[in-house]
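This report concerns only the one structure given below.
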Amino acid sequence: MSDLKRYHMIQECINVLRKKRKVNYFEIGVQTGFCFFKIKADKKVAIDPNFIIKPTKKIRAYIKNLSNFNNRFFELTSDDFFAQQKDYIKKIGGIDVIFVDGLHLFEQTYLDIVNALQYLNKDGVILIHDCNPLTLAASIRAYTSEEAARIAPAGWANIWNGDVWKSIAKLRSEREDLEIMVFNTDHGMGMVRPGKPEAMLHYTDEQIEALSYNDLDADREKILNLKDPATFTGFIKKFAATL
Ligand SMILES: C[S@@+](CC[C@H](N)C(=O)[O-])C[C@H]1O[C@@H](n2cnc3c(N)ncnc32)[C@H](O)[C@@H]1O
């Protein structure tokens, strides 16, 4: 397993843009702030209906990373955030980098990405966690990790990615204006940004619904446009060169 983690990848994307200007970072699904507090950006926006952030952890995080002093927290679902905070998102200059890691159901992840695209600056990037489940048990549909653990399907190992992967298959089937890939690290880090697709998929909505974990397992390279994590450095160079 690669050592390349979500927070390294998010930070590298931010650093590229930060050479040009100030950068806004958004995170959907923040929980304890494990990832969110590490990130350095000019403005950071946290969205979660149920933050679990201990005050002591918050204080430590602020001392360690001064960019936390520019944080805004919205204790809302992502749908409510996008419905209620349109003016705020525009006022702060739109979205530069967003990490989608909220409800791990494919239709919600798809909606989070589509909503984020409305405010994404043209050189912005959307990163998505949990795009590459490695077992059937990890890909189970549930509303929370606790629910997934209660169902405890055969092979359950306390890893829950849900069926987020289908949002990648759907977007790759319908959007000719987006570059989409998944880096094979940290449960599968999806990347979506304005640009030309390397290749399209041709699934209908009905076919996406019907896809199973076995279908993914049989063809994950093609369905996800799965990339070796070693190629992330090349991606960052290309990203920087296109600015
Ligand atoms: C896996 S955790 C996030 C972990 C965090 N991004 C990290 O890397 O440390 C998922 C979070 O998504 C939140 N969540 C669930 N439904 C959501 C929704 N509809 N909108 C936004 N966040 C949601 C949960 O409350 C939970 O805190």
Side-chain angles (χ1 to χ4, degrees), residues 1-14 24-41 44-54 57-58 60-62 64-65 67-68 71-86 88-89 95 97-119 125-134 137-150 156-167 182-183 185-192:
M1 185 44 99
S2 156
D3 284 341
L4 187 63
K5 297 291 181 204
R6 52 195 181 285
Y7 37 87
H8 301 135
M9 300 170 84
I10 295 164
Q11 192 64 59
E12 288 215 35
C13 291
I14 292 172
N24 292 334
Y25 170 67
F26 291 64
E27 188 167 312
I28 295 177
V30 169
Q31 205 173 43
T32 62
F34 174 77
C35 173
F36 183 78
F37 286 135
K38 288 183 174 59
I39 301 298
K40 293 185 175 148
K44 301 198 294 171
V45 180
I47 304 132
D48 197 307
N50 184 28
F51 290 113
I52 315 173
I53 302 173
K54 290 196 189 119
K57 180 171 178 158
K58 205 166 180 174
R60 270 202 300 273
Y62 278 54
K64 230 169 151 181
N65 172 8
S67 75
N68 282 314
N71 291 346
R72 273 289 302 266
F73 292 84
F74 291 90
E75 193 143 32
L76 295 171
T77 64
S78 48
D79 284 354
D80 286 348
F81 174 76
F82 284 115
Q84 295 170 18
Q85 299 299 329
K86 292 185 173 75
Y88 170 74
I89 305 170
I95 298 174
V97 177
I98 182 163
F99 182 41
V100 175
D101 192 16
L103 182 54
H104 292 359
L105 291 178
F106 110 79
E107 58 277 26
Q108 184 63 55
T109 309
Y110 174 81
L111 204 55
D112 289 348
I113 297 168
V114 169
N115 280 331
L117 281 167
Q118 285 190 55
Y119 303 96
V125 181
I126 302 175
L127 295 162
I128 306 121
H129 202 212
D130 297 297
C131 292
N132 189 25
L134 297 180
S139 74
I140 191 169
R141 280 178 64 84
Y143 280 85
T144 61
S145 54
E146 292 77 18
E147 187 194 354
R150 271 197 304 278
W156 177 250
N158 264 317
I159 292 172
W160 177 55
N161 312 119
D163 59 352
V164 166
W165 63 274
K166 285 194 180 187
S167 64
V182 173
F183 293 95
T185 189
D186 199 345
H187 302 279
M189 277 292 282
M191 189 294 302
V192 172

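Counting from 1, the numbers follow the sequence of the chain as shown. Just so it is clear, the structure is predicted and the values come from calculations on it, not from any experiment. Both counts, for ligands and for their atoms, begin at 1 and track the order of listing.
Every atom of ligand 1 is numbered from 1 in the order shown, and the set under 4.0 Å from a heavy atom of C35 is 7 (C), 8 (O), 9 (O). Listed by atom number, the atoms of ligand 1 under 4.0 Å from E27 heavy atoms are 5 (C), 6 (N). The distance from ligand 1 to the heavy atoms of I28 drops below 4.0 Å at these ligand atoms: 21 (C). In summary, the atoms of ligand 1 found under 4.0 Å from a heavy atom of V30, numbered by their order in the structure, are 5 (C). Near R6, with a cut-off below 4.0 Å to any heavy atom, the atoms of ligand 1 are 7 (C), 8 (O), 9 (O).
K38 is linked by a side chain to side chain contact (heavy atoms under 4.5 Å, CB included) to Y7, F34, counting only residues two or more places apart in sequence or in another chain.
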Cut-off 3.5 Å, no hydrogens considered: what does the side-chain donor-acceptor table look like for residues 111-118, sequence neighbours left out?
| unit_1 | atom_1 | unit_2 | atom_2 | d |
| --- | --- | --- | --- | --- |
| D112 | OD1 | S78 | OG | 2.7 |
| D112 | OD1 | Q108 | NE2 | 2.9 |
| N115 | ND2 | L111 | O | 3.3 |

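If you check each of I52, L103, I53 against atom 16 (N) of ligand 1, the one with the closest non-hydrogen atom is L103. The nearest non-hydrogen atom to atom 24 (C) of ligand 1, considering only D48, L105, I10, comes from D48.
Taking the six-membered ring for Trp, Y119 and F26 have ring centres at least 6.0 Å apart.
Inclusion of G29 in the set of residues having an N or O under 3.5 Å from an N or O of ligand 1 is warranted. For ligand 1, one of its N or O atoms has an N or O atom of D101 under 3.5 Å away. Of the N or O atoms in S78, one or more lie within a sub-3.5 Å distance of an N or O in ligand 1.
Regarding atom 22 (N) of ligand 1, its nearest protein heavy-atom neighbour is P49 CD, 3.2 Å. Closest protein heavy atom to atom 19 (N) of ligand 1: T77 CB, 3.7 Å.
Across all non-hydrogen atoms, the minimal contact from Y25 to I10 is CE1-CG2, 3.3 Å. Across every non-hydrogen atom of A46 and F51, the tightest pair is O-CZ, 3.7 Å.
Remark: K5 does not engage D186 in a salt bridge, criterion side-chain N to carboxylate O under 4.0 Å.
Partner of C131 under the side-chain contact (heavy atoms from CB on, under 4.5 Å) criterion, out of T109, N161, V164: V164 alone.
Distance alone, capped at 3.5 Å, places no donor-acceptor pair between the H187 side chain and the T185 backbone. With N68 contributing its side chain and F37 its backbone, the two residues share a donor-acceptor pair below 3.5 Å.
Contact annotation for H129 and ligand 1: no heavy atom of the residue comes within less than 4.0 Å of the ligand.
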